[in-house]
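Reviewing the structure listed below.
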Amino acid sequence: MIRAVIVMNTQGKPRLLKFYEFQPPEKQQELTRSVFAGQGALLSGRPDNVSNFVEADAIFGPVIFSSLLFVSFVAEITKKKKQEEFKEGTRLVYKHLATLYFVFVFDSCENELAMLDLIQVLVETLDRCFKNVCELDIVFNFNKMHTILDEIIFGGQVLETSSERVLKAVEEISRLEKSSSSVSFVPKSVSGRFGR
Amino acid sequence: MEQLKTIGRELAMGSQGGGWTGQSKEFLDLVKSIGEARSKAEEDRIILREIESLRRRIAEPDVPRRRMKEYIIRLVYAEMLGHDASFGYIHAVKMTHDDSLSLKRTGYLAVTLFLSDDHDLIILIVNTIQKDLRSDNYLIVCAALTAACKLINEETIPAVLPQVVDLLAHPKEAVRKKAVMALHRFYQRSPASVSHLISNFRKRLCDNDPGVMGATLCPLFDLITADVNSYKDLVISFVSILKQVAERRLPKAYDYHQMAAPFIQIKLLKILALLGSGDKQASGHIYNVLGDIFRKCESSSNIGNAVLYECICCVSSIYPNAKLLDAAAESTSKLIKINPDVAEEHQLAVIDCLEDPDDTLKRKTFELLYKMTKSTNVEVIVDRMIDYMISINDNHYKTEIASRCVELAEQFAPSNQWFIQTMNKVFEHAGDLVNVRVAHNLMRLIAEGFGEDDEGADSQLRSSAVNSYLRILGEPKLPSLFLQVICWVLGEYGTADGKYSASYIIGKLCDVTEAHLCNDTVKAYAISAIMKICAFEIAAGRKVEMLPECQSLIDELSASHSTDLQQRAYELQALLCLHSQAVESVIPLDASCEDIEVDRNLSFLDSFVQQSIEKGARPYIPEIERSGMFSVSNYTSQHQHETSSHTLRFEAYELPKPSPTPAAPQISVSTRTTDLVPVPETTYYTENNQASKLQPVLDASSADHGIKLHLVGVQKKWGRPTYSASSSTTSSSEKKTNGVTHLDGVSLQSQGTLYDSKGQQSEKQKLAASLFGASAGKTEKKPTSTQRAPKANTATAERPGVARAVSPEISKQKAASSPPPDLLDLGEPISTTTPTIDPFEQLEGLIGPTPGPSTLDNSVTTSEQKAPDLMALYTDTPPSSSSSISSGLGDLHSADKNSPMAKNVPSIKKGPNPQDSLQKDATARHVGVTPTGNNPNLFRDLLG
């Protein structure tokens with residue numbers, strides 16, 4: 001399952017944190033920090049020409065394996081159970097787009113390459129939603145971002161993989177919210193809060 | 001600056017009716033000021049101020065609802081930045097009660113982010129969720145499901161479960177999808193409470209909507225992982241779904257980068273891999289569709305590779321199908337087939353990784369290289385590994401790399417020459433980190449060479465080894481293990497080809513002990529080597545002039561604290577005085593590979609024993625016989641003299657039961673003491689005649705006991721079970737191994753050059769070529785298998801060897817010459833003071849028929865010097881103490897005493913020729929360069 005989705009900018013400021021297993025805020029901060037600048041400077045220190053897959057056990061362990069694609073094929077073990085933290089077999093995949101890092105943390109039940117493409121799905125959806133998405137869109141509309149993410153990932157499982165359908169669902173939510181808020185006589189300025 | 005720019009953009013967007021117009025000025029200011037914060041501390045200050053103001057304002061009565069919504073969002077924002085906003089939780093909970101969809105959703109979002117599933121406030125939300133799950137507005141239902149998924153814990157599951165199950169049949173597919181997921185979540189939380197509803201997942205699999213179906217795969221995957229067998233019936237459904245997906249029957253919306261619903265395909269393949277593993281029937285259904293996917297997969301895109309990878313995983317885990325396996329292998333090699341340059345590119349990438357500054361990347365690459373090593377590329381890879389090994393400081397990893405180098409070199413070595421060079425490098429740079437065993441293997445290889453037939457090549461190999469070692473000795477710092485190898489080889493073969501003079505080698509060896517701050521083991525190796533060279537010289541009839549540094553070394557070691565070193569020094573001194581023929585038989589030239597067989601019966605002493613008996617000595621009665629007879633005779637009253645011999649009887653409490661197999665040494669010790677102390681001498685004397693009469697009886701019984709005793713006793717007493725005769729079989733099969741290695745290497749060596757035809761290739765390309773061989777990818781599995789086979793043989797061959805060693809013993813069992821080894825317990829292995837007969841005179845006489853009048857004197861003197869050495873080699877008893885013990889015990893049983901002493905001299909089994917046996921003994925000493933206490937396995941390693 002997917003354990004967490006983290007969006008942060010290149011300075012390591014969190015832009016969206018979604019942990020599918022509850023983490024207290026302090027822990028969330030710690031994990032985010034270690035993902036950004038963990039041992040061996042995880043995301044911040046990674047050159048662009050290295051692989052996007054990182055063994056996330058490393059966040060808690062001493063060693064970081066930046067696994068080559070073909071090498072990462074080798075290790076496939078461990079069962080997931082109820083766990084408080086990222087456990088063995090946890091990997092993270094990230095995508096660096098403009099000023100943002102999109103990070104998915106997931107366990108061995110997921111296909112890494114598929115996860116990489118799921119990030120692509122998320123980003124494509126955001127892009128369609130905000131028309132040329134930039135960091136600020138996400139800063140100011142992070143509740144909308146949550147809505148989109150909820151349509152794609154639900155309780156740690158991939159719910160929907162078609163960005164078209166995600167978009168449709170999100171648009172419908174916005175539309176209905178608008179109408180429902182107008183019904184409840186909320187001023188226009190509030191209804192516009194959700195953008196389109 | 002960046003912020004200013006974005007503000008500008010914001011305004012522009014705002015005029016377009018864009019994104020942020022809805023937010024209040026305050027929120028914008030907050031985000032802006034945080035964005036402008038120069039440090040974490042400043043950011044914290046801003047947030048704390050914000051939280052303070054929120055705390056104040058949120059508690060105000062009659063906050064307008066839209067305001068409240070914004071406050072909540074700001075709280076979420078603050079918490080995302082790591083600050084505690086717990087005071088606002090209750091307001092978020094309150095917001096979920098709101099009728100407005102927008103506010104309700106915000107409330108739900110906030111609570112899902114704020115609360116854990118065991119938070120106290122959950123109880124306040126459950127009711128709302130229950131209500132919302134029944135709402136007409138499907139968006140409210142969705143929001144409630146999302147919240148339920150996150151917040152409902154084990155205790156509250158029953159409260160919402162019925163509604164969730166009802167929702168599985170909701171007309172809206174978005175709701176069904178989420179209901180499935182929520183149910184899955186409940187299952188993860190508490191499988192027991194949902195177990196009766198699992199059949200719902202199966203139903204949802206047939207949902208009209210592909211999204212719902214896709215979502216259902218997640219729980220099914222979990223369920224199947226937990227219990228494969230109950231879902232075997234679904235294989236056909238999964239296969240048909242996968243087929244439809246692959247045939248693009250799904251809506252276009254699911255296409256991703258020209259792939260038909262790749263995420264669903266991946267999930268299905270994962271499930272099928274689980275279901276098909278080890279199940280021939282289930283796998284049978286899968287083959288077809290897998291084949292289709294293989295054909296359709298294009299590896300041009302990332303997601304295509306993901307599906308392909310999952311396919312390959314699936315094929316490898318289900319019941320094997322040759323065709324599919326081929327397809328899997330083919331699809332992996334497709335890239336290369338399409339264009340060899342592609343492969344080359346990847347090969348170059350691997351080479352690049354080797355030079356990458358990132359250490360972990362390097363390690364991974366070496367792991368990869370280690371796995372793909374073949375005899376064609378072993379040289380390049382091992383060279384690379386050694387280079388890397390030299391460059392790192394991490395001892396742990398160095399050890400690992402070193403052992404891998406050794407392993408690869410042993411497995412794929414193209415030539416012995418190369419092997420020795422490689423080993424030298426490994427030793428030089430990681431000598432103290434590699435296993436001692438490796439050193440012994442190397443020594444053995446040099447000693448045994450290619451095989452029996454090719455003596456010339458062997459000597460060439462040896463002289464090249466000697467040359468390289470003499471060169472290496474110039475290096476300032478060498479690990480001790482490597483020095484040991486060097487010393488041994490120099491001692492053994494330093495002067496063999498006549499290129500170097502003995503004094504030159506001896507000088508070098510003396511330098512070793514001085515220049516390198518070495519430990520006792522190295523010194524022992526060095527002095528043994530010097531001894532060997534001296535012996536060769538003497539045997540060749542040349543005069544050995546003692547170098548001053550050598551003499552000083554001997555002097556130094558004679559005064560060493562280590563008894564082992566001391567002994568060696570004395571031995572060397574003694575050897576220098578010996579006659580050439582004696583020396584030759586003690587240390588024969590190039591005999592390190594000769595097998596040493598131990599005559600445990602000491603049959604070569606038969607004549608000596610016979611002589612003693614003739615002179616009036618009593619025949620030896622084994623320990624058990626003595627005690628056994630003692631007791632048995634009492635009860636059976638076989639011996640009438642028994643009654644007269646003693647008036648006081650101890651047996652009643654002294655001898656509980658004569659154990660038939662007193663194999664354990666402790667038992668024999670106790671019986672011995674009882675024997676020695678209370679029994680008066682007369683018993684034995686009177687027994688003497690009886691015993692000789694009873695000889696045949698005793699023979700049989702002692703033979704019976706003898707076998708067991710020998711095996712047990714020998715191993716325990718000497719602590720070096722390495723004298724076993726099994727060595728011969730092992731070493732011979734090892735030779736075969738070497739031969740195989742050699743052949744493989746020669747035939748395959750040329751392959752690496754195939755790439756050279758490519759014209760102007762860079763250095764790297766060449767390296768890649770040599771690493772990966774021709775792109776055709778010839779797999780050279782052969783060397784591995786052939787290599788392994790002899791090794792296995794070795795293991796099995798050892799046993800018959802042992803058996804063979806035992807069997808002749810029985811046949812040669814003789815009462816007089818078969819003392820059970822527990823006699824050694826007496827701690828009197830040597831008795832130079834034996835008044836009746838000096839056994840060493842006897843032994844010396846055995847050495848050869850040659851000793852003339854002049855050598856006789858010589859031999860007598862040396863025998864006295866040598867005797868303790870001989871013994872001390874095999875027993876740890878210091879020579880000085882032995883004489884006192886033996887003299888104290890008196891000379892009652894001269895035959896007995898002689899035999900344990902003589903017993904320590906191993907002898908050949910094949911013939912009773914005493915000279916041979918002595919020679920063998922000499923060989924034993926010769927090979928056993930360092931039988932020190934800390935190296936007890938040396939013999940085993942050397943000899944198999």
Side-chain angles (χ1 to χ4, degrees), chain A residues 13-14 16-17 22 24-26 28-29 50 63-68 70-71 73 76 79 109 111-114 116-118 121 130 134 136-137 139-143 146-147 150 154-155 157-162 164-165 169 172-173 176-177 180-181 184 186-187 189-195, chain B residues 6 9-10 19-23 28 31 65-66 69 73 77 79-84 99-102 105-106 109 116-117 137 139 146 149-150 174 177-178 181-182 184-185 211 214-215 218 221 225 253-254 256 261-264 266 270 302-303 305-306 309-310 353 358 360-361 364 367-368:
Chain A
K13 274 204 184 108
L16 176 125
L17 299 179
F22 181 80
E26 314 84 62
Q28 289 187 10
Q29 291 306 308
V50 300
V63 207
I64 293 172
F65 290 110
S66 49
S67 41
L68 298 168
F70 42 84
V71 177
F73 287 177
E76 188 111 341
K79 271 269 72 229
C109 287
N111 181 317
E112 295 109 316
L113 285 171
L116 190 59
D117 279 291
L118 201 63
V121 170
F130 293 110
C134 75
L136 275 179
D137 292 312
V139 174
F140 288 114
N141 292 294
F142 78 99
N143 49 351
H146 274 290
T147 311
D150 280 345
F154 190 91
Q157 302 291 340
V158 182
L159 182 72
E160 186 57 72
T161 53
S162 148
E164 219 168 278
R165 289 181 59 132
E172 198 163 350
I173 290 171
L176 282 173
E177 273 187 351
S180 76
S181 10
S184 59
V186 180
S189 62
V190 177
S191 68
R193 206 163 287 157
F194 275 90
Chain B
T6 52
R9 186 168 166 235
E10 174 209 327
W20 311 299
T21 44
Q23 316 292 2
L28 289 180
V31 174
R65 287 190 307 174
R66 60 187 171 82
K69 176 184 165 187
I73 288 176
Y77 194 81
E79 197 159 281
M80 185 175 80
L81 292 174
H83 294 271
D84 180 56
D99 289 332
S100 151
L101 173 66
S102 162
R105 284 181 52 83
T106 308
L109 174 66
S116 69
D117 64 358
N137 187 337
L139 284 177
T146 314
C149 197
K150 187 78 200 286
K177 199 156 69 177
K178 286 184 173 163
M181 290 306 218
H184 178 210
R185 189 67 174 176
C218 297
F221 176 72
T225 315
Y254 284 90
Y256 177 85
F263 297 97
I264 293 175
I266 287 168
K270 271 184 185 291
N302 201 353
I303 194 73
N305 280 328
Y309 164 60
E310 216 49 72
C353 288
D358 183 5
T360 52
L361 208 58
K364 282 279 176 195
E367 243 163 70
L368 176 80

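What you see is a predicted model, and the numbers here were worked out from it, not measured in a lab. Letters go in sequence order (proteins before strands), and every chain restarts at 1.
- Both the backbone and the side chain of B:Leu81 come within contact range of chain A, judged by heavy atoms closer than 4.5 Å.
- Distance check, rounded to the nearest 0.5 Å: CG of A:Leu159 to CZ of B:Phe263 gives 13.0 Å.
- In this structure, the portions of B:Tyr77 lying under 4.5 Å from any heavy atom of chain A include both its backbone and its side chain.
- Note that the CG atom of B:Asn305 and the CG atom of A:Asn111 stand 10.5 Å from one another [nearest 0.5 Å].
- Taking B:Ala215, B:Pro262, B:Gly82 one by one and counting their heavy-atom pairs under 4.5 Å with chain A, the maximum is reached by B:Gly82.
- Using a 4.5 Å cut-off between heavy atoms, B:Ile266 contacts chain A through its side chain alone, with no backbone atom that close.
- Only the side chain of A:Leu116 comes within less than 4.5 Å of a heavy atom of chain B; its backbone N, CA, C and O stay farther away.
- Note that CZ of A:Phe154 is 9.5 Å distant from CZ of B:Arg185, once rounded to the nearest 0.5 Å.
- Looking at residues two or more places apart in sequence or on another chain, you find a salt bridge (Lys or Arg N to Asp or Glu O under 4.0 Å) between B:Lys177 and A:Glu160.
- The two atoms that bring B:Ala306 and A:Ala114 nearest to each other are CB-N, 4.0 Å, heavy atoms only.
- The distance from the CG atom of B:Asp84 to the CD atom of A:Glu26 is 7.5 Å, given to the nearest 0.5 Å.
- Distance check, rounded to the nearest 0.5 Å: CG of A:Asp150 to NZ of B:Lys178 gives 6.5 Å.
- Neither the backbone nor the side chain of A:Ala169 comes within contact range of chain B; no heavy atom of the residue lies under 4.5 Å from a heavy atom of that chain.
- A:Asp117 meets the salt bridge (Lys or Arg N to Asp or Glu O under 4.0 Å) test with no other residue; sequence neighbours excluded.
- Remark: B:Leu101 CG to A:Ile173 CD1 distance equals 8.0 Å, nearest 0.5 Å.
- What you find for B:Met181 and A:Val158 is that their closest heavy atoms are CE-O, 3.5 Å.
- Within the 4.5 Å cutoff, side-chain heavy atoms of A:Val121 are placed close to those of B:Tyr256.
- In this structure, A:Gln29 and B:Glu79 approach most closely via the heavy-atom pair NE2-O, 3.9 Å.
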